[in-house]
Asker: 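Here it is: the structure, laid out below.
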Amino acid sequence: MQQSISTRFPGEVALVGAGPGDPELITRKGWRLLLNADLIVYDALVSAELMAEIPGHIARHYVGKRKGQHSHSQADICRFLVQQARLGKRVVRLKGGDPLIFGRLTEELDALQAAGIPFTLVPGITAASGCAASCGLSLTERGIASSLRFITASHCDQRSVPWADLTRRDETLVFYMGLSQASRISQELQRHGLPADWPVMLIERGTQPDQRSIHTHLAGLPQAVEMHRVQAPALILIGQVARQAQEKAQSQAA
């Protein structure tokens with residue numbers, strides 16, 4: 001999606017997905033826009049390895065958010081993007097993963113459109129796809145996982161989650177930002193029908209050199225997070241494909 005370039009404001013903004021961590025997983029279009037940028041406005045989930053490969057003459061501005069630690073408010077980020085574009089700069093708004101999936105994209109697009117700033121939107125490889133590939137598993141599988149759902153767990157305590165709709169046994173669930181809600185995820189999915197021994201896989205810092213994969217089950221999910229001291233960024237993958245991945249890892253280790 002791209003707007004025609006405005007004659008009033010010579011600057012423009014590209015909203016680019018950086019991918020899940022491995023710097024080689026950014027798209028060719030995203031990398032080209034980075035190399036041609038005057039300013040990169042980047043998030044906490046953009047890997048240090050990717051940032052290190054960007055030429056030093058390109059200015060950068062950190063606006064990262066971690067749970068309970070926000071360097072800038074979303075309103076501040078929107079204002080900054082508009083301000084820099086009005087100065088005539090080619091700005092890349094760089095977000096981890098795919099900005100179209102839980103990337104808080106709408107606020108920034110609305111601000112750019114309201115200000116008449118031309119923009120380009122470049123998707124990235126989302127964490128679920130990248131992590132699954134790096135762990136050697138398929139998120140869908142004929143006969144055991146015919147569908148796939150991405151769920152953001154960061155607001156489980158504030159909004160109604162359709163837990164009863166998440167208990168199909170032929171489906172893979174991937175919870176983003178779910179570590180702090182591990183207990184509730186475990187309890188609610190069991191309460192609505194999934195068995196206690198339903199397979200779960202935790203993937204920490206997926207696609208990066210220090211990636212960790214931890215296999216557990218639904219009842220043991222909260223304990224696994226605590227015992228292994230799992231830290232964000234991490235995904236919680238639930239379903240039969242997690243069991244397949246565990247069995248494959250065990251056979252390779254034997």
Side-chain angles (χ1 to χ4, degrees), residues 1-3 11-51 53-54 58 60-67 69-85 89-115 117-134 139 148-155 174-178 203 205-208 232-235:
M1 180 178 180
Q2 185 171 357
Q3 292 189 166
E12 56 187 330
V13 175
L15 299 104
V16 175
D22 181 345
E24 292 189 336
L25 292 180
I26 192 169
T27 64
R28 289 178 60 186
K29 184 173 185 178
W31 183 245
R32 174 177 57 80
L33 289 166
L34 284 175
L35 295 182
N36 291 324
D38 299 308
L39 172 66
I40 297 170
V41 181
Y42 67 103
D43 279 348
L45 293 179
V46 176
S47 71
E49 291 80 7
L50 176 61
M51 295 302 298
E53 294 187 10
I54 297 170
I58 301 174
R60 54 198 73 191
H61 185 76
Y62 177 72
V63 293
K65 297 184 179 76
R66 293 289 194 186
K67 188 173 180 64
Q69 298 178 349
H70 292 189
S71 62
H72 295 74
S73 70
Q74 188 60 50
D76 287 340
I77 295 170
C78 292
R79 283 191 291 268
F80 184 73
L81 293 174
V82 170
Q83 176 195 58
Q84 295 300 306
K89 295 180 181 179
R90 292 167 297 185
V91 181
V92 169
R93 175 69 172 103
L94 189 61
K95 293 172 173 277
D98 184 352
L100 287 81
I101 298 177
F102 308 132
R104 298 196 68 172
L105 189 66
T106 303
E107 295 99 321
E108 293 173 21
L109 291 181
D110 286 348
L112 295 173
Q113 289 176 318
I117 304 295
F119 65 85
T120 301
L121 183 57
V122 182
I125 295 175
T126 190
S129 296
C131 291
S134 66
L139 290 168
L148 169 66
R149 292 209 212 189
F150 297 160
I151 308 108
T152 175
S154 61
H155 298 293
V174 182
F175 284 87
Y176 286 62
M177 299 166 281
I203 308 173
R205 296 184 61 80
T207 78
Q208 300 186 58
L235 293 181

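Sequential numbering from 1 along the given sequence is applied to the chain's residues.
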Asker: Quick check for you: to the nearest 0.5 Å, what is the distance between Ile125 atom CD1 and Thr207 atom OG1?
Answerer: 9.0 Å

Asker: Please tell me if the side chains of Val46 and Ile40 come closer than 4.5 Å, counting only heavy atoms from C-beta onward.
Answerer: no

Asker: Could you check whether any side-chain heavy atom of Val174 comes within less than 4.5 Å of a side-chain heavy atom of Leu139, counting everything from C-beta outward?
Answerer: yes

Asker: Please evaluate residues Val91 and Leu81 with respect to the criterion side-chain contact (heavy atoms from CB on, under 4.5 Å), reporting the C-alpha separation (whole Å), side-chain torsions for both, the decisive distance (0.1 Å), and the verdict.
Answerer: CA-CA 7 Å; Val91 181; Leu81 293 174; 4.0 Å; yes

Asker: Between Thr126 (side chain only) and Ser129 (backbone N and O only), is there a donor and an acceptor less than 3.5 Å apart?
Answerer: no

Asker: Distance check, rounded to the nearest 0.5 Å: Arg205 atom CZ versus Cys131 atom SG?
Answerer: 11.0 Å

Asker: Is the backbone of Phe102 close enough, under 3.5 Å, to the side chain of Thr152 for a donor and an acceptor to pair up by distance?
Answerer: no

Asker: Look up atom CG in Leu34 and atom NZ in Lys29, then write down how far apart they are to the nearest 0.5 Å.
Answerer: 13.0 Å

Asker: So do Trp31 and Val122 actually touch side chain to side chain, heavy atoms under 4.5 Å?
Answerer: no

Asker: Strictly distance-based, threshold 3.5 Å: is any side-chain N or O of Asp43 a donor or acceptor partner for the main-chain N or O of Leu45?
Answerer: no

Asker: For Tyr42 and His61, what are the C-alpha separation, side-chain angles and deciding distance, and is it a ring-ring contact (aromatic ring centres under 6.0 Å, His included)?
Answerer: CA-CA 6 Å; Tyr42 67 103; His61 185 76; 8.5 Å; no

Asker: Specify the closest pair of heavy atoms between Phe150 and Ala128, including all atoms of both residues, with the distance to one decimal.
Answerer: CE2-CB, 3.6 Å

Asker: Would you give the length of the straight line joining atom OG of Ser134 to atom CD1 of Ile203, rounded to the nearest 0.5 angstrom?
Answerer: 6.5 Å

Asker: Walk me through whether Ile151 and Tyr176 qualify under side-chain contact (heavy atoms from CB on, under 4.5 Å).
Answerer: CA-CA 6 Å; Ile151 308 108; Tyr176 286 62; over 6 Å; no

Asker: Considering non-hydrogen atoms only, spot the tightest contact between Gly130 and Pro20 and give its length.
Answerer: CA-CG, 3.9 Å

Asker: Does Glu108 have any side-chain hydrogen bond (donor to acceptor under 3.5 Å, both in side chains) partners at least two apart in sequence or in another chain, and if so, which?
Answerer: Gln74, Arg93, Lys95

Asker: Is the shortest heavy-atom distance from the side chain of Thr120 to the side chain of Leu15 under 4.5 Å?
Answerer: no

Asker: Under the side-chain contact (heavy atoms from CB on, under 4.5 Å) criterion, do Val16 and Leu121 qualify, and how do the steps go?
Answerer: CA-CA 6 Å; Val16 175; Leu121 183 57; over 6 Å; no

Asker: Nearest 0.5 Å please: distance from the CZ atom of Arg90 over to the CD atom of Glu12.
Answerer: 8.0 Å

Asker: Which pair of heavy atoms, one from Gly11 and one from Pro118, lies closest together, and at what distance?
Answerer: O-CG, 3.3 Å

Asker: Between Asp38 and Val92, is there a side-chain heavy-atom distance shorter than 4.5 Å?
Answerer: no

Asker: Are the side chains of Asn36 and Leu33 in touch, meaning some heavy atoms are under 4.5 Å apart?
Answerer: no

Asker: Verify, without hydrogens or angle tests, whether Arg32 (side chain) and Thr27 (backbone) share a donor-acceptor contact under 3.5 angstrom.
Answerer: no

Asker: Which heavy atom of Ala85 sits nearest a heavy atom of Val13, and at what distance?
Answerer: CB-CG2, 4.0 Å

Asker: If you compare all heavy atoms of Ile26 against all heavy atoms of Ala18, which two are closest, and at what distance to 0.1 Å?
Answerer: CB-O, 3.9 Å

Asker: Looking at every non-hydrogen atom in both residues, tell me the closest pair between Leu112 and Phe119 and how far apart they are.
Answerer: CD1-CB, 4.0 Å

Asker: Just wondering, do Met51 and Ile54 contact through their side chains at under 4.5 Å, heavy atoms?
Answerer: yes

